[in-house]
Amino acid sequence: MLVIVKEDYDEMTREAARRVASLIRKKPDCVLGLATGSTPLGLYKELIRMYKEEGLRFSKVTTFNLDEYVGLPPTHPQSYHYFMRVNFFDHIDINPRYIYVPHGMTEDVAAFCQWYEEEIQKAGGIDLQVLGIGANGHIAFNEPGSSLGSRTRIKTLSEQTIKDNARFFERFEDVPRYAITMGIGTIMEARQLVLLAGGRGKAQAIKETVEGPITAMVPATIVQMHQWATIIVDKEGASLLSRTYDG
Ligand code: GLP
């Protein structure tokens with residue numbers, strides 16, 4: 001596991017963008033696993049800049065998003081479909097047929113989840129998975145206690161995640177209680193993981209992820225088992241780490 005500590009948020013997201021861009025240049029038809037949340041916003045901004053200014057092309061890239069809220073249609077401004085369109089897909093030359101985001105309004109969740117897993121396999125598997133981390137150590141919507149071998153499925157959101165996400169909704173009651181999420185087993189099959197975390201609020205989760213024992217109670221700790229996992233943090237996110245890591 002490689003831990004890279006960057007001076008600030010911008011440097012952290014630029015480092016992540018360099019890694020994603022280098023994969024796309026090497027393998028134009030690569031498969032990316034994408035994340036939502038405020039943390040990867042800078043990464044998407046930088047990739048859009050590279051598309052506009054440096055000729056980075058996405059036309060052959062396939063993407064699979066990690067998760068989506070149950071009950072929100074793709075047109076809902078807080079849905080992850082909407083987030084991805086507005087913050088990334090609408091600004092690049094990606095082929096809409098190659099975009100996969102779990103569908104929060106699906107009627108048969110189990111069948112949908114199985115289909116999603118199969119589509120990942122058919123695409124050849126995920127080459128690089130971008131990850132954020134919840135303050136409680138969740139990855140995607142795999143909350144504490146999730147099976148470390150889990151596959152794409154429906155999950156109940158934890159109280160903390162509901163509280164953390166309430167800032168995006170008008171009323172607390174509007175925050176969805178369930179999500180469809182790739183499982184931890186699904187995520188671990190990606191050939192490369194790039195986990196981003198910035199700010200004080202993530203420092204404890206990062207300490208446990210990098211230096212703590214592997215436990216389902218902190219799902220992100222599983223990345224210690226991945227052969228090609230890179231954790232990119234800013235100074236604040238790294239502030240509780242006890243060892244020195246690469247800059
Ligand atoms: C949500 C997403 C996660 C993301 C997390 C942290 O729970 N499902 O994939 O990592 O939020 O979000 P932020 O980056 O806004 O702190």
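Just so we're clear, the structure is a prediction, and the values are computed from it rather than from any experiment. Heavy atoms only: backbone and side chains are in, while hydrogens, waters and symmetry mates are out. Both ligands and their constituent atoms are indexed starting at 1 by order of listing.
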Ligand 1-proximal atoms of [X], by part, heavy-atom distance under 4.0 Å:
X      : value
Ala135 : neither
Ala35  : neither
Phe168 : neither
Gln160 : neither

Check whether any heavy atom of Met182 sits under 4.0 Å from an atom of ligand 1.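 Distance cut 4.0 Å: Met182 fails for ligand 1.
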Minimum-distance protein heavy atom relative to [atom]:
atom                    : result
atom 8 (N) of ligand 1  : Asp67 OD2, 2.7 Å
atom 1 (C) of ligand 1  : Tyr80 OH, 3.6 Å
atom 16 (O) of ligand 1 : Lys202 NZ, 2.6 Å

Going through the checks in order, is the side-chain hydrogen bond (donor to acceptor under 3.5 Å, both in side chains) test met by Asn136 and Ser158? CA-CA 9 Å; Asn136 62 3; Ser158 71; 3.3 Å; yes
Enumerated ligand 1 atoms positioned under 4.0 Å from heavy atoms of His138: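 Heavy-atom distances to His138 below 4.0 Å select 1 (C), 5 (C), 7 (O).
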Quick one: which ligand 1 atoms are inside 4.0 Å of a heavy atom on Arg167?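 Ligand 1 atoms under the 4.0 Å threshold to Arg167: 15 (O).
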Indicate if Phe64 and Tyr69 have the same hydrophobic cluster label, given that clusters are the connected sets of ILVMFWY residues with side-chain heavy-atom separations under 4.5 angstrom.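 No.
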For the aromatic rings, using the six-membered ring if either is Trp, is the centroid distance between His103 and His81 under 6.0 Å?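 Under 6.0 Å, so yes.
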Would you mind finding which of Gly132, Gly37, Ala140 brings a heavy atom closest to atom 3 (C) of ligand 1?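 Heavy atom nearest to atom 3 (C) of ligand 1 belongs to Ala140.
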Which of these, Leu131, Thr39, Ile133, Thr36, has its nearest heavy atom closest to atom 6 (C) of ligand 1?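 It is Ile133 whose heavy atom sits nearest to atom 6 (C) of ligand 1.
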Relative to Phe141, does Arg177 satisfy both conditions: NZ or CZ under 6.0 angstrom from the six-membered ring centre, and within 45 degrees of the ring's axis?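 No, Arg177 does not sit over the ring of Phe141.
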With a 4.0 Å cut-off on N to O distance, would you call Glu236 and Arg200 a salt bridge?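 No, this pair does not count.
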Salt bridge or not for Arg14 and Glu11, using N-O below 4.0 Å?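 So Arg14 does not pair with Glu11 through a salt bridge.
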Ignoring angles and geometry beyond distance, decide whether Asn165 reaches within less than 3.5 Å of ligand 1 through its nitrogen or oxygen atoms.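 No, Asn165 has no N/O under 3.5 Å of an N/O on ligand 1.
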Distance only, no hydrogens: is a donor on one side chain within 3.5 Å (strictly under) of an acceptor on the other, for Thr186 and Glu117?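 Short answer, yes.
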Using 30° and 60° as the class limits, which term best fits the ring planes of Tyr44 and Phe88: parallel, tilted or perpendicular?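 Rings of Tyr44 and Phe88: parallel, under 30°.
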As an exercise, state the distance from CG of Asp10 to CD of Glu15, rounded to the nearest 0.5 Å.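 It is 13.5 Å, given to the nearest 0.5 Å.
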